Number of protein chains: 2
Amino acid sequence: MRSDKDDLKARARIRNAALELFGAEGVAGVSLRAVATRAGVSHALVLHHFGSKEGLRKECDAYVVSLVRGGPGVEALEDTTGLAAMLEAAGPVRRYLGRAFLDGAPEAAALYDEIVDATERWLEQGVAEGWARPGEDPRARAAIYVTWLLAPLAFGEHLSRVLGLPDPHDLDATLRYSRAGVEILTRGVFADDRVLTAWEAVRKERRAR
Amino acid sequence: MRSDKDDLKARARIRNAALELFGAEGVAGVSLRAVATRAGVSHALVLHHFGSKEGLRKECDAYVVSLVRGGPGVEALEDTTGLAAMLEAAGPVRRYLGRAFLDGAPEAAALYDEIVDATERWLEQGVAEGWARPGEDPRARAAIYVTWLLAPLAFGEHLSRVLGLPDPHDLDATLRYSRAGVEILTRGVFADDRVLTAWEAVRKERRAR
DNA sequence: GCAATTGCTGACCAGCTGTACAGTACACTG
DNA sequence: CAGTGTACTGTACAGCTGGTCAGCAATTGC
């Protein structure tokens, strides 16, 4: 080894560099050489450790997913705090996660399913205990709930720009918009049923056809 | 020209092919040759019409943005129906839009800002007219509202998979989860203020530090 | 000691990339 | 008719891509 500990093992450095670059530019837009340069190693070493670019991508997927899963423990997915912790995850990981969902990485898909399942159970329990309102379609509601909580992963940049906040991955930014989100989830936005009624009308019209 | 109208002018065919492929694989992951092949032309023609790959991308951006803007007219952005129409836009365009937001295309950013502005005014009006509840932070609420409505663009694939629906871009899929969304926006999810209170506690704790 | 393993590199390769360009076919205009 | 412009093609090219490989240096195991 070079120095006493060399900051981080090269393998981890490569993985982190890949995480940042893949998150920022997309997997296809980043060359192995770019990853290697950022990690301060030769591009051959990347192949040596991960076998192929696809191998590197899979490792990144697995790592990010394990971060989310392993962070506060499995049962943490059962409450809001766990999901909130996930949203507070470090910047590059957020970007990467958002992209992984969009690119349809199988690991990400499995994670999404898992979160929806947990959320559905959690909301069901909430209905039983009285702190959550009953919904017409619990499965769809859980899916929407999860999608909405995940949305800042994909749109965080725009969210913070619109709010005039400097750093999209800043905790303050997250706090400000999550407040608005929690407010909606608690009180709703619409004061009466007119939009719901309008939606029913659309459904009815569509069924008639 | 070849036949009477040749289906579509080559230029439009190329743009459509690019839209599909870019949306599916990302701009960096698609070669000009792939676009040309799908459009049934030589790759040199792509350059002839668009000058460069970047030129093609910009044309795609502009086209999609104009679709969204021009569809139901400017004032349509003022109501939910307009946004709903946007979500019903054709499949490839949806994928492309989602990716454009994630990639931070300037055209997409401007569109996002525009929608948030319109939504903020619209909600303000709603509060005045009594059909929308007042919110603590109207700007943040408008931003979150827009982000949530846009979220299915990025997560539509997962949404429909989780709901067991075959086609992510199917109108039926959209209808099912939008119903759940409207329900949340009308009645909320949480029956009491405990999550809101928990959020306040987090803010207080953070301010203390 | 010495052999095996591991981390790591530079040189090399075939293939694909975006782009340039000369040239063809065809429609106009004069 | 020549002349001009436009849609379109095939070929060519420099540069970068992911991946291979032989080999160096340090560590490990015996």
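Values below: all heavy atoms of this structure, side chains included; hydrogens, waters and symmetry mates excluded. Every value quoted in this text rests on a predicted model; they were computed, and no experiment measured them. Within every chain, numbering begins at 1; the chains are lettered A, B, ... in the order of the sequence lines, protein sequences first and strands thereafter.
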Ring geometry between A/W122 and A/W131 (parallel below 30°, tilted from 30 to 60°, perpendicular above 60°): tilted
In Å and rounded to the nearest 0.5 Å, what is the CG to CG distance from A/L153 to A/L159? 11.0 Å
For A/E107, look at atom CD and say whether over 12 heavy atoms of other residues, nucleotides or ligands are found less than 6.0 Å away. yes
Any idea how A/Y112 and B/F155 line up, ring-wise: parallel (<30°), tilted (30 to 60°), or perpendicular (>60°)? parallel
Between CG of A/L45 and P of C/dT9 the distance, given in whole Å, is 5 Å
Whole angstroms only, please: what is the CG-C1' distance between B/L21 and C/dG18? 16 Å
Residue pairs involving residues 55-68 of chain A (criterion salt bridge (Lys or Arg N to Asp or Glu O under 4.0 Å); sequence neighbours excluded): A/R11-A/E59, A/E54-A/R57, A/R57-A/D61
Atom pair distance, as rounded to whole Å: CG in A/L32 and P in D/dT17: 9 Å
Residues in side chain to side chain donor-acceptor pair (under 3.5 Å) with B/E183, at least two apart? B/R179
OP1 or OP2 of C/dC8 sitting under 4.0 Å from any side-chain N/O of A/S42? no
Within the 4.0 Å heavy-atom criterion, would you say B/L47 contacts the bases, only the backbone, or no part of the nucleic acid? base
For nucleotides 12-14 of chain C, which of its nitrogen or oxygen atoms have a protein nitrogen or oxygen under 3.5 Å away, and what is each distance?
none

Base, sugar-phosphate or nothing for B/V35? Non-hydrogen atoms, less than 4.0 Å. nothing
Between residues 48-56 of chain A and DNA chain D, which residues have a heavy-atom gap below 4.0 Å? A/S52, A/K53
Considering only distance and modelled atom types, tabulate donor-acceptor pairs under 3.5 Å from the side chains of residues 135-142 of chain B, sequence neighbours left out.
unit_1: B/D137; atom_1: OD1; unit_2: A/R176; atom_2: NH2; d: 3.4
unit_1: B/D137; atom_1: OD1; unit_2: B/A140; atom_2: N; d: 3.2
unit_1: B/D137; atom_1: OD2; unit_2: A/R176; atom_2: NE; d: 2.7
unit_1: B/D137; atom_1: OD2; unit_2: A/R176; atom_2: NH2; d: 3.4
unit_1: B/R139; atom_1: NE; unit_2: A/V162; atom_2: O; d: 3.3
unit_1: B/R139; atom_1: NH1; unit_2: B/D117; atom_2: OD1; d: 2.9
unit_1: B/R139; atom_1: NH1; unit_2: B/E120; atom_2: OE1; d: 2.7
unit_1: B/R139; atom_1: NH2; unit_2: B/D117; atom_2: OD1; d: 3.3
unit_1: B/R141; atom_1: NH1; unit_2: B/R133; atom_2: O; d: 2.8
unit_1: B/R141; atom_1: NH2; unit_2: B/R133; atom_2: O; d: 2.7

Name all residues meeting the side chain to side chain donor-acceptor pair (under 3.5 Å) criterion together with A/W148; count only those two or more places apart in sequence or in a different chain, and write none if there are none. none
